[in-house]
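Structure first, commentary second.
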Amino acid sequence: QVQLVESGGGLVQAGGSLRLSCAGSGRTFSLNIMGWFRQVQGKEREFVAGINWNGGRTYYADSVKGRFTISRDNAKNTVYLQMNNLNPEDTAVYYCAAPRLYSTSIYSKAGSYDYWGQGTQVTVSS
């Protein structure tokens, strides 16, 4: 069982920045892709960013390209999401996620992930 805990959310004004962290447990953390998703109340969970096992490959939703950066530090079992130039449309609960090892995964598909954190609220005021 993989446990993921997000932190770093909060209230920020438009144009500001936040850095989210996701701390994971288990030695297999470093062998998995990781993803960030976000969800607004009443709407589908939306892919934000993904990263491969060693951080050498990243993938972003079009809506956040150029503004958000996903990274990871496997020595710390942590994945990050640096969010710059935030706008009110970025307001959501942000979740990090990991698939089960050896699973067939598509970065942008929520169904590819087996483990999810509790979420951290990001609110961007206009």
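Computed over heavy atoms, backbone and side chain alike; hydrogens, waters and symmetry mates excluded.
Cation-pi geometry between R45 and Y95 is satisfied (NZ or CZ under 6.0 Å from the ring centre, within 45° of the ring normal). The cationic group of R72 does not satisfy the cation-pi geometry with W53, failing either the under 6.0 Å distance to the six-membered ring centre or the 45° limit from the ring axis.
At least one donor-acceptor pair closer than 3.5 Å links the side chain of T78 to the backbone N or O of K76. Y59 places no side-chain N or O within 3.5 Å of a backbone atom of N52 that could act as its donor or acceptor partner. Listed for the S25 side chain is a donor-acceptor partner under 3.5 Å among the backbone atoms of Q3. At least one donor-acceptor pair under 3.5 Å links the side chain of E6 to the backbone N or O of C96.
Of all the heavy atoms in I70 and M34, the pair that sits closest is CD1-O, 4.2 Å. Heavy-atom minimum distance, A49 versus L81: CB-CD1, 4.1 Å. V93 and G119 make their closest contact through CG1-CA, 3.8 Å (heavy atoms, listed as atom of the first residue, atom of the second, distance). Of all the heavy atoms in S63 and R38, the pair that sits closest is OG-NH2, 3.5 Å. The minimum heavy-atom distance between Q118 and V5, with the atom names listed, is OE1-CA, 3.5 Å.
Taking the ring centroids of Y60 and F47, they lie at or beyond the 6.0 Å cut-off. Aromatic rings from F37 and W116 are positioned such that their centres are separated by under 6.0 Å.
S125 pairs by the side chain to side chain donor-acceptor pair (under 3.5 Å) definition with nothing, not counting sequence neighbours. Considering only residues two or more places apart in sequence or on other chains, R57 meets the side chain to side chain donor-acceptor pair (under 3.5 Å) condition with none of them. Scanning for side-chain contact (heavy atoms from CB on, under 4.5 Å) contacts around A14 gives P88, V124, with sequence neighbours left out.
Side-chain heavy atoms closer than 4.5 Å link hydrophobic residues (I, L, V, M, F, W, Y) into clusters, and following such links, possibly through other members, connects L4 to M83. Hydrophobic clustering, with ILVMFWY side chains joined whenever heavy atoms are under 4.5 angstrom apart, groups L18 together with W36. I51 and I106 are members of different hydrophobic clusters when ILVMFWY side chains are connected at heavy-atom separations under 4.5 Å. Under a hydrophobic clustering in which Ile, Leu, Val, Met, Phe, Trp and Tyr are joined whenever their side-chain heavy atoms come within less than 4.5 Å, directly or via other members, F68 and V122 fall into the same cluster.
A donor-acceptor contact under 3.5 angstrom links the side chains of S17 and N84, judged on distance only.
At a threshold of 4.5 Å between non-hydrogen side-chain atoms, the residues L86 and Q13 do not count as touching. Annotation: side chain of Y115 is in contact with side chain of R100 (closest heavy-atom distance under 4.5 Å).
For Q121, the CD atom sits in a packed shell: over 12 heavy atoms of surrounding residues, nucleotides or ligands are nearer than 6.0 Å.
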For this session: Evaluate the side-chain hydrogen bond (donor to acceptor under 3.5 Å, both in side chains) criterion for residues T91 and E89: first the C-alpha distance (whole Å), next the side-chain angles of each, then the deciding distance (0.1 Å), finally the verdict.
Result: CA-CA 5 Å; T91 295; E89 294 173 317; over 6 Å; no
